[in-house]
Amino acid sequence: MEKYFISMKEANMRFKNADHMVYVTFPLINDPKILIVIAENLYYALLNAIDALLNFEYYHKRLDYLPENLNDKLRTFREVVAKTYRFSRDIAVIFEDLHKLIEFRQKRPIEFIRKSNYIIADNVYSTRMISFQKIKEYVVTVKPFMQKVDKVIG
């Protein structure tokens with residue numbers, strides 16, 4: 001089985017988890033701690049989908065090289081793949097935002113809930129906030145992207 005199929009399978013699984021948590025789990029439980037899990041699933045879904053697309057393009061010899069680090073992957077996706085398949089520029093923006101959020105969370109020791117938002121802070125109280133509305137917007141924007149990537153690779 002080709003690497004792009006494996007990446008796409010993982011991307012679909014992560015996206016389905018995020019989608020289910022947004023529309024079923026969060027409204028049922030209403031616990032803002034779930035928002036970070038949704039954000040992580042959405043981030044890894046996008047990462048795997050972008051990886052699958054790059055591997056697919058490389059396999060079909062439409063890319064000269066397969067980028068290894070994250071910045072090169074994102075640049076290649078934006079400059080080559082997104083233009084070829086006419087993907088929305090919002091996908092790269094969402095991916096970067098989620099990446100910054102995940103990175104910020106890994107480095108910061110303080111996390112708390114305020115007014116149904118999940119807040120991540122560092123020692124000098126520089127903060128990042130995750131709201132249900134923002135996460136839901138991300139899921140709504142990413143869903144057509146995932147469907148289109150499935151059709152391309154399918």
Side-chain angles (χ1 to χ4, degrees), residues 1-107 111 116-120 128-154:
M1 187 177 274
E2 297 303 325
K3 186 174 180 183
Y4 55 86
F5 281 125
I6 296 167
S7 292
M8 200 59 219
K9 185 177 178 181
E10 176 73 16
N12 283 328
M13 183 189 72
R14 293 285 194 151
F15 181 75
K16 285 177 186 174
N17 288 344
D19 189 58
H20 185 272
M21 283 189 261
V22 163
Y23 290 105
V24 177
T25 308
F26 186 82
L28 186 65
I29 297 174
N30 202 19
D31 185 359
K33 292 176 191 170
I34 295 173
L35 295 176
I36 192 67
V37 177
I38 298 170
E40 286 175 349
N41 272 298
L42 202 53
Y43 170 75
Y44 287 114
L46 282 171
L47 180 63
N48 281 306
I50 290 170
D51 234 12
L53 276 169
L54 293 174
N55 278 299
F56 180 77
E57 291 297 301
Y58 183 73
Y59 178 79
H60 291 292
K61 304 202 184 327
R62 291 184 283 247
L63 284 179
D64 296 333
Y65 75 101
L66 191 59
E68 292 297 320
N69 70 30
L70 188 62
N71 290 332
D72 288 345
K73 286 180 183 183
L74 194 56
R75 186 173 21 83
T76 305
F77 171 74
R78 247 195 252 120
E79 294 173 2
V80 179
V81 179
K83 287 181 181 178
T84 302
Y85 294 106
R86 295 190 176 128
F87 290 122
S88 169
R89 294 191 325 173
D90 294 340
I91 297 302
V93 172
I94 290 170
F95 180 77
E96 287 175 350
D97 190 41
L98 289 170
H99 177 70
K100 288 176 186 173
L101 177 74
I102 301 299
E103 200 172 61
F104 189 81
R105 182 173 186 245
Q106 289 173 348
K107 296 177 182 173
E111 298 176 4
S116 74
N117 294 320
Y118 193 84
I119 313 289
I120 304 167
R128 297 271 310 199
M129 181 185 74
I130 308 171
S131 69
F132 177 68
Q133 261 329 100
K134 192 68 165 171
I135 293 293
K136 191 172 181 180
E137 287 173 20
Y138 285 174
V139 169
V140 167
T141 305
V142 169
K143 190 171 193 166
F145 169 75
M146 295 297 289
Q147 292 169 340
K148 192 170 181 179
V149 172
D150 264 340
K151 286 181 185 175
V152 167
I153 291 178

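The figures here come from the full heavy-atom set of this structure, side chains too, leaving out hydrogens, waters and symmetry mates. For clarity, every value in this text was computed on a predicted model and none was experimentally measured.
In this view, Tyr23 satisfies the ring pair (Phe, Tyr, Trp, His ring centres under 6.0 Å) rule with no residue, not counting sequence neighbours.
For residues 41-51, the side-chain hydrogen bond (donor to acceptor under 3.5 Å, both in side chains) pairs, not counting sequence neighbours, are Arg14-Asn41, Tyr43-His99, Asp51-Lys73. Among residues at least two apart or in separate chains, there is no salt bridge (charged side-chain N to carboxylate O under 4.0 Å, His left out) pair with a member in residues 139-154.
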Check the pair Val149, Phe87 against side chain to side chain contact (heavy atoms under 4.5 Å, CB included), reporting the backbone distance first and the verdict last.
-> CA-CA 9 Å; Val149 172; Phe87 290 122; 3.9 Å; yes

Taking it one step at a time, do Ile120 and Leu101 satisfy side chain to side chain contact (heavy atoms under 4.5 Å, CB included)?
-> CA-CA 9 Å; Ile120 304 167; Leu101 177 74; 4.0 Å; yes

Any chance you could lay out the side chain to side chain contact (heavy atoms under 4.5 Å, CB included) test for Met21 and Asn17, step after step, and finish with the verdict?
-> CA-CA 6 Å; Met21 283 189 261; Asn17 288 344; 4.1 Å; yes

Determine, step by step, whether Leu47 and Leu70 satisfy the side chain to side chain contact (heavy atoms under 4.5 Å, CB included) criterion, reporting the C-alpha distance in whole Å, the side-chain angles of both residues, the deciding distance to 0.1 Å, and the verdict.
-> CA-CA 9 Å; Leu47 180 63; Leu70 188 62; 3.5 Å; yes

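Rounded to the nearest 0.5 angstrom, Ile130 CD1 and Ile38 CD1 are separated by 9.5 Å. Rounded to the nearest 0.5 angstrom, Leu35 CG and Phe26 CZ are separated by 4.5 Å. In this structure, Thr76 OG1 and Leu53 CG are separated by 12.0 Å, a value rounded to the nearest 0.5 Å. If you take CG on Asn55 and CD1 on Ile6, they are separated by 9.5 Å, rounding to the nearest 0.5 Å. Atom CG of Asp72 and atom OH of Tyr65 lie 5.0 Å apart (nearest 0.5 Å). Ile135 contributes atom CD1, which lies 10.5 Å from atom CG of Asn117 (distance to the nearest 0.5 angstrom).
Between Asp97 and Arg128 the shortest side-chain heavy-atom distance falls below 4.5 Å. Looking at heavy atoms from C-beta onward, Tyr118 lies in side-chain contact with Arg105 at the 4.5 angstrom threshold. The shortest side-chain heavy-atom distance between Met146 and Met8 falls under the 4.5 Å cut-off. Residues Glu57 and Tyr85 form a side-chain contact, since some pair of their non-hydrogen atoms from C-beta on lies under 4.5 Å apart. When side chains are defined from C-beta on, Val139 counts as touching Phe15, because their heavy atoms get closer than 4.5 Å. Side-chain contact check for Met13 versus Glu10: some heavy-atom pair is nearer than 4.5 Å. A 4.5 Å side-chain heavy-atom check between Tyr4 and Leu54 finds every atom pair outside the cut-off. For the pair Ile36 and Glu40, the minimum side-chain heavy-atom distance is below 4.5 Å.
Nearest heavy-atom pair, Ala49 versus Ala11, reported as atom, atom and distance to 0.1 Å: N-CB, 3.6 Å. The two residues Val142 and Leu46 have their closest heavy-atom pair at CG1-CD2, 3.9 Å.
By the 30° and 60° cut-offs, the orientation of the rings of Phe77 relative to Phe145 is perpendicular.
For Phe132, the CZ atom sits in a packed shell: over 12 heavy atoms of surrounding residues, nucleotides or ligands are nearer than 6.0 Å. Counting non-hydrogen atoms of neighbouring residues, nucleotides and ligands closer than 6.0 angstrom, the CG atom of Asp64 reaches no more than 12 such neighbours.
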